[in-house]
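For reference, the structure is listed below as structure tokens.
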Amino acid sequence: MLGRRIGLLGDILQSNLRDPRLPYKVTFVATYHCNFRCEMCNIWQKKSVNEMTPAEVGTFFRRWPQFSWVHLTGGEIFMRRDIDDVVAAIQEACGSLFLLNFPTTGWFGDRTVALANRILERGVGRLMITISIDGPKAVHEQMRGLPGSWDRGVETFRRLRGIKRANFQTVIGMTLMAKNVGLVDETIQAIRTVVPDFQRSELHLNVGHESDHYFANTGYMAKRDPKAEILRVIEEHRRLTASLLHPVTFLESRYQGLMGKYYETHKSPLPCTALSSSCFIDAYWNLFPCSIWSERIGNLRDVDFDLRALWDSERGRSLRQDVVEENCPHCWTPCEAYPTILGNLARATLAPTNRQRTVPVSAVTPSNTPDRG
């Protein structure tokens, strides 16, 4: 795995020097099926059919094994009974794979723990699993629309923490919105009733976004997010975790530290690397620049899984230029922000963070929230 680690580091370095010939990171939607009824996301309403098969996954990654980072997502990936076959196909076919990560609700505890162990047994450079918890029990279950989901999610997290492997990490992911932005400390205390030694550093904060093609929630976030309060909470969280020197902590801190600039300008704080370092492939093999922008490049099934045919097509080149010229909806979601930070390391390190800049209150009030992003 040392060679693959070096490969990922090389991909990151190259993305800082010139545009990669092909992406090294992919957000890969295994399924749109979901048993939750989250109020901030309408993925569960999709009538998803004809989703990718494990055989197709193997074919794709054997042909394009340069991906050193695969972000697997859904829906809820454990709604697929064959999810282990999908993951195994990625691991067996993707020769450059170092980092594999995925979010889950934690509802399917036994299957989650079993899959984590099988992934580690097959061999992977690093595995990261995020359990989505959006507040203390009552708030979480109101936002997520499924009674019993808090207990199951936290218990699955507790069990995953018991996997003592140097190349494995599990965290809690919390998306800040109006209903829960003031409940970060309460959420930590609630988790500690089940996991007494839970650390604040194990809680990763992010903010909600809109996407037509992915979340199908266009219009939900507009005029809802209390941005000034979100920035205050994020800065307090960063202050309490800033001393932790770890690559993941660096990424999260930079992501959160640049949130004020995103809220102020409604643009990506750094030159976006979508359609350069990264891309988004949905459950039907549609290729998009990212999870937010609903401009489809094409369908990989239609071209016999020839990624380069779509990547270098007139459509692909045109959309890539649009990203460079900032003719996109703009966002600051971790799926796109993390590779963007890694592709702009000098700028990301030197850029003023929320604490170093004064963000006018008018710039982050709901009345100035864009309809998208």
Atom pair [atom1]/[atom2] of [X] and [Y] - distance to nearest 0.5 Å:
{"X": "Met259", "Y": "Arg238", "atom1": "CE", "atom2": "CZ", "value": "10.5 Å"}
{"X": "Leu97", "Y": "Tyr24", "atom1": "CG", "atom2": "OH", "value": "13.5 Å"}
{"X": "His209", "Y": "Cys331", "atom1": "NE2", "atom2": "SG", "value": "5.0 Å"}

Examine distances only and state if a side-chain atom of [X] and a backbone atom of [Y] form a donor-acceptor pair shorter than 3.5 Å.
{"X": "Gln66", "Y": "Ser96", "value": "no"}
{"X": "Arg317", "Y": "Asp312", "value": "yes"}
{"X": "Glu202", "Y": "Ile172", "value": "no"}
{"X": "Glu210", "Y": "Gly219", "value": "yes"}
{"X": "Glu51", "Y": "Tyr32", "value": "yes"}
{"X": "Thr340", "Y": "Thr273", "value": "yes"}
{"X": "Asp322", "Y": "Cys328", "value": "no"}
{"X": "Asn344", "Y": "Ser15", "value": "no"}
{"X": "Asp282", "Y": "Leu287", "value": "no"}
{"X": "His140", "Y": "Asp134", "value": "yes"}

Practice task
Could you go through the side-chain contact (heavy atoms from CB on, under 4.5 Å) check for Arg63 and Asp306 one step at a time?
Solution key: CA-CA 8 Å; Arg63 190 165 185 182; Asp306 189 345; 3.7 Å; yes

Give the cluster check for [X] versus [Y]: same hydrophobic cluster or not, with ILVMFWY residues linked at side-chain heavy-atom distances below 4.5 Å.
{"X": "Leu13", "Y": "Phe67", "result": "no"}
{"X": "Val324", "Y": "Leu310", "result": "no"}
{"X": "Leu9", "Y": "Leu345", "result": "no"}
{"X": "Trp44", "Y": "Met40", "result": "no"}
{"X": "Ile341", "Y": "Val171", "result": "no"}

pair [X]-[Y]: side-chain heavy atoms closer than 4.5 Å:
{"X": "Trp69", "Y": "Ile12", "result": "no"}
{"X": "Val57", "Y": "Phe28", "result": "yes"}
{"X": "Asn180", "Y": "Thr187", "result": "no"}
{"X": "Thr170", "Y": "Thr156", "result": "no"}
{"X": "Val26", "Y": "Trp64", "result": "no"}
{"X": "Asp11", "Y": "Phe98", "result": "no"}
{"X": "Trp150", "Y": "Val139", "result": "no"}
{"X": "Val323", "Y": "Trp293", "result": "yes"}

Quickly, which of [options] forms a side chain to side chain contact (heavy atoms under 4.5 Å, CB included) with [X]? Name it, please.
{"X": "Asn101", "options": "Gln169, His71, Arg126", "answer": "His71"}
{"X": "Val181", "options": "Ile230, Thr175, Leu231, Val207", "answer": "Ile230"}
{"X": "Met174", "options": "Thr130, Ile188, Leu203", "answer": "Leu203"}
{"X": "Trp332", "options": "Asn206, Ile292, Leu270", "answer": "Leu270"}

Practice task
With Arg239 as reference, evaluate His237, Glu236, Glu235 under the side chain to side chain donor-acceptor pair (under 3.5 Å) test and give the passing residue.
Solution key: Glu236

Practice task
Tell me, with the steps shown, if Phe108 and Met79 meet side-chain contact (heavy atoms from CB on, under 4.5 Å).
Solution key: CA-CA 9 Å; Phe108 300 95; Met79 291 294 285; 3.8 Å; yes

Exercise for the section: Any pair with a residue in residues 182-195 that passes salt bridge (charged side-chain N to carboxylate O under 4.0 Å, His left out), sequence neighbours left out, goes on the list, sorted by first then second residue, please. Expected result: Asp185-Arg200

Exercise for the section: Determine which pairs satisfy salt bridge (charged side-chain N to carboxylate O under 4.0 Å, His left out) with at least one residue from residues 18-30, sequence neighbours left out, and list them in order. Expected result: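 Every pair satisfying salt bridge (charged side-chain N to carboxylate O under 4.0 Å, His left out) with a residue in residues 18-30: there are none.
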
For [X] and [Y], does a side-chain donor sit closer than 3.5 Å to a side-chain acceptor?
{"X": "Thr31", "Y": "Glu76", "result": "no"}
{"X": "Glu56", "Y": "Trp285", "result": "yes"}
{"X": "Ser278", "Y": "Glu336", "result": "no"}
{"X": "Thr73", "Y": "Tyr214", "result": "yes"}

Practice task
May I have the step-by-step check of salt bridge (charged side-chain N to carboxylate O under 4.0 Å, His left out) for Arg62 and Glu92, ending in yes or no?
Solution key: CA-CA 8 Å; Arg62 275 191 297 273; Glu92 292 166 6; over 6 Å; no

Looking at [X], I want to see if its [atom1] is surrounded by more than 12 non-hydrogen atoms of other residues, nucleotides or ligands under 6.0 Å.
{"X": "Arg315", "atom1": "CZ", "answer": "yes"}
{"X": "Glu325", "atom1": "CD", "answer": "yes"}
{"X": "Arg5", "atom1": "CZ", "answer": "no"}

Exercise for the section: Any pair with a residue in residues 77-86 that passes side chain to side chain donor-acceptor pair (under 3.5 Å), sequence neighbours left out, goes on the list, sorted by first then second residue, please. Expected result: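 Qualifying pairs, neighbours excluded: Arg80-Asp82, Asp84-Arg118, Asp84-Arg122.
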
Problem - Check against salt bridge (charged side-chain N to carboxylate O under 4.0 Å, His left out), Arg152 and Glu155 - result: CA-CA 5 Å; Arg152 286 203 184 199; Glu155 174 60 14; over 6 Å; no

Practice task
Assess whether side-chain contact (heavy atoms from CB on, under 4.5 Å) is satisfied between Ile129 and Phe168, documenting all intermediate values.
Solution key: CA-CA 8 Å; Ile129 299 177; Phe168 174 68; 3.7 Å; yes

Problem - Output field: ring centroids Phe198/Phe157 closer than 6.0 Å - result: yes

Problem - Pair Phe280 + His213: ring centers closer than 6.0 Å - result: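 Here the rings of His213 and Phe280 have centres that are less than 6.0 Å from each other.
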
Handout entry: Ring geometry between Phe36 and Trp107 (parallel below 30°, tilted from 30 to 60°, perpendicular above 60°)
Key =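 If you compare the ring of Trp107 with that of Phe36, the planes turn out perpendicular.
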
